[in-house]
> 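If you scroll down you'll find the structure; I have some questions about it.
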Protein chains: 2
Amino acid sequence: MPVSETMAMRLRRAYMTMHRYAQQHFASFGVTADQYVLLSLLAEQDEIRQQDLAARAYSDPNTIAAMLSLLEEKKLLRRKRDKSDGRAKLVCLTALGHRLHEKLIRSVEPIHAEMERAVGADRQALFASLWQIESTLANLQLKSSVDQ
Amino acid sequence: MPVSETMAMRLRRAYMTMHRYAQQHFASFGVTADQYVLLSLLAEQDEIRQQDLAARAYSDPNTIAAMLSLLEEKKLLRRKRDKSDGRAKLVCLTALGHRLHEKLIRSVEPIHAEMERAVGADRQALFASLWQIESTLANLQLKSSVDQ
DNA sequence: CGCAACTAATACGTAGACGTACTAATGTTA
DNA sequence: TAACATTAGTACGTCTACGTATTAGTTGCG
């Protein structure tokens with residue numbers, strides 16, 4: 001089978017197209033698509049540890065730390081030591097960060113709408129398949145590492 | 001809606017899980033998941049321009065150039081000037097590259113099988129939805145740039 | 001209590017995504 | 001043919017993904 005017709009490449013194309021589109025969209029606000037995800041997660045839950053943020057953003061602690069440094073320089077968030085655990089830091093949005101997030105969340109509504117419209121009634125089937133892929137491969141990974 | 005339940009994050013999780021799994025898999029062969037894609041494309045069509053390679057890998061010329069440099073250092077491929085167009089370079093696998101690709105393609109069969117099994121009968125519906133997302137967002141991008 | 005195992009964050013390195021600027025070759029058109 | 005726009009590839013910078021190593025704080029246990 002041609003590479004371009006494999007499930008892997010189809011998934012890549014869908015994800016990359018979405019990511020590129022989002023990247024371009026958010027550029028006019030001076031943030032990246034991934035930074036928007038972080039801001040949204042922080043708006044959803046304040047005072048969150050970097051580890052938790054990494055898990056929710058489906059990223060990793062190293063990447064999150066780098067992204068937070070950039071967002072902190074831009075005064076969109078701050079980090080304070082967790083009093084109950086001196087190793088951890090709690091991240092929260094600044095007022096500026098909240099205001100930006102409000103603007104951003106309004107700006108993405110049309111995009112979400114377009115994506116929903118694109119998949120239409122197959123939405124639930126798509127979600128089920130995506131979840132199947134995710135859970136199957138995540139478990140494979142787990143299994144082989146537990147085998148050691 | 002919680003960020004984690006958006007279509008965008010579901011798509012991200014599926015793609016990133018697959019990519020991480022592939023990354024780990026190919027690490028034992030000394031290549032990355034994305035390098036495997038390039039090797040496969042070259043095995044599919046020899047003497048291909050970097051631009052075409054970028055399009056087929058759904059990447060971009062800058063990234064491809066960097067990746068090709070690494071693969072060229074590893075003697076897996078070489079680039080020669082295109083006689084019919086002095087700007088272009090034609091990329092092709094070395095014998096070493098072909099041999100490695102043969103090994104790699106055998107090693108990924110179980111992964112493709114697992115992914116097919118994971119989505120099962122919903123395979124065609126999934127492909128249709130992924131294509132809907134891709135084409136919808138790609139066209140949005142096109143439209144707004146043509147509007148300028 | 002004290003020390004070993006674990007954990008959160010950081011530091012640093014490599015790879016990939018992609019923007020912008022540049023060079024060299026090609027095409028176009030007056 | 002000369003001036004000009006396009007195009008292929010390179011160079012370089014920023015951001016993200018993620019591996020490995022290190023530091024500092026926490027937990028568990030003899």
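Since this is a predicted model, take the numbers as computed values, not measurements.
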> C:dC18, OP1 or OP2 - any side-chain N/O from A:Arg20 closer than 4.0 Å?
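For A:Arg20, the contact criterion (side-chain N or O under 4.0 Å from OP1 or OP2 of C:dC18) is met.
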
> I need the CG-P distance between B:Asp82 and C:dT26, as an integer number of Å.
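Distance check: B:Asp82 CG to C:dT26 P gives 9 Å.
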
> Heavy-atom contacts under 4.0 Å between residues 36-70 of chain A and DNA chain D, which residues?
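Contacts with DNA chain D under 4.0 Å: A:Ser59, A:Asp60, A:Asn62, A:Thr63, A:Met67, A:Leu70.
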
> Identify whether any heavy atom of A:Gln23 sits under 4.0 Å from a base atom; if not, whether one sits that close to sugar-phosphate; answer base, sugar-phosphate or nothing.
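It contacts nothing in the nucleic acid.
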
> Side-chain donor or acceptor of B:Arg87 under 3.5 Å from a matching atom on the base of D:dT7?
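Yes, the side chain and the base share a sub-3.5 Å donor-acceptor pair.
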
> OP1 or OP2 of C:dA17 sitting under 4.0 Å from any side-chain N/O of A:Arg12?
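Yes, within the criterion.
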
> Using a heavy-atom cut-off of under 4.0 Å over every strand shown, decide if A:Arg79 touches base, sugar-phosphate, or nothing.
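The residue A:Arg79 makes sugar-phosphate contact but no base contact.
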
> I'd like to know if A:Arg78 and A:Glu72 make a salt bridge, using a cut-off of under 4.0 Å between side-chain N and carboxylate O.
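Salt bridge absent between A:Arg78 and A:Glu72.
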
> Answer yes or no: is there an ion pair linking A:Asp82 with A:Arg87, defined by an N-O contact shorter than 4.0 Å?
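Salt bridge: no.
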
> Taking the side chain from B:Arg13 and the backbone from A:Ala57, do they hold a donor-acceptor pair closer than 3.5 Å?
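Checking the backbone N and O of A:Ala57 against the side chain of B:Arg13, no donor-acceptor pair under 3.5 Å is found.
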
> So, B:Tyr58 and A:Ser4: side-chain donor and acceptor under 3.5 Å apart, yes or no?
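B:Tyr58 vs A:Ser4: no donor-acceptor pair found between side chains.
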
> Mind calculating the distance between CG (B:Leu90) and P (D:dA8) to the nearest angstrom?
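Value for this atom pair: 12 Å.
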
> Would you please say whether a donor-acceptor pair under 3.5 Å links the side chains of A:Arg56 and A:Gln45?
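A pair is found: one side chain offers a donor N or O, the other an acceptor, under 3.5 Å apart.
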
> Nearest whole Å is fine: how far is D:dT16 P from B:Asp34 CG?
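It works out to 18 Å between those atoms.
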
> Where the side chain of B:Gln35 is defined as all heavy atoms beyond and including C-beta, which of C:dG16, C:dA17, D:dT10 is the nearest nucleotide?
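The closest nucleotide is C:dG16.
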
> Rounding to an integer number of Å, can you tell me how far A:Tyr15 OH sits from C:dG16 P?
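Taking OH of A:Tyr15 and P of C:dG16, I get 16 Å after rounding.
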
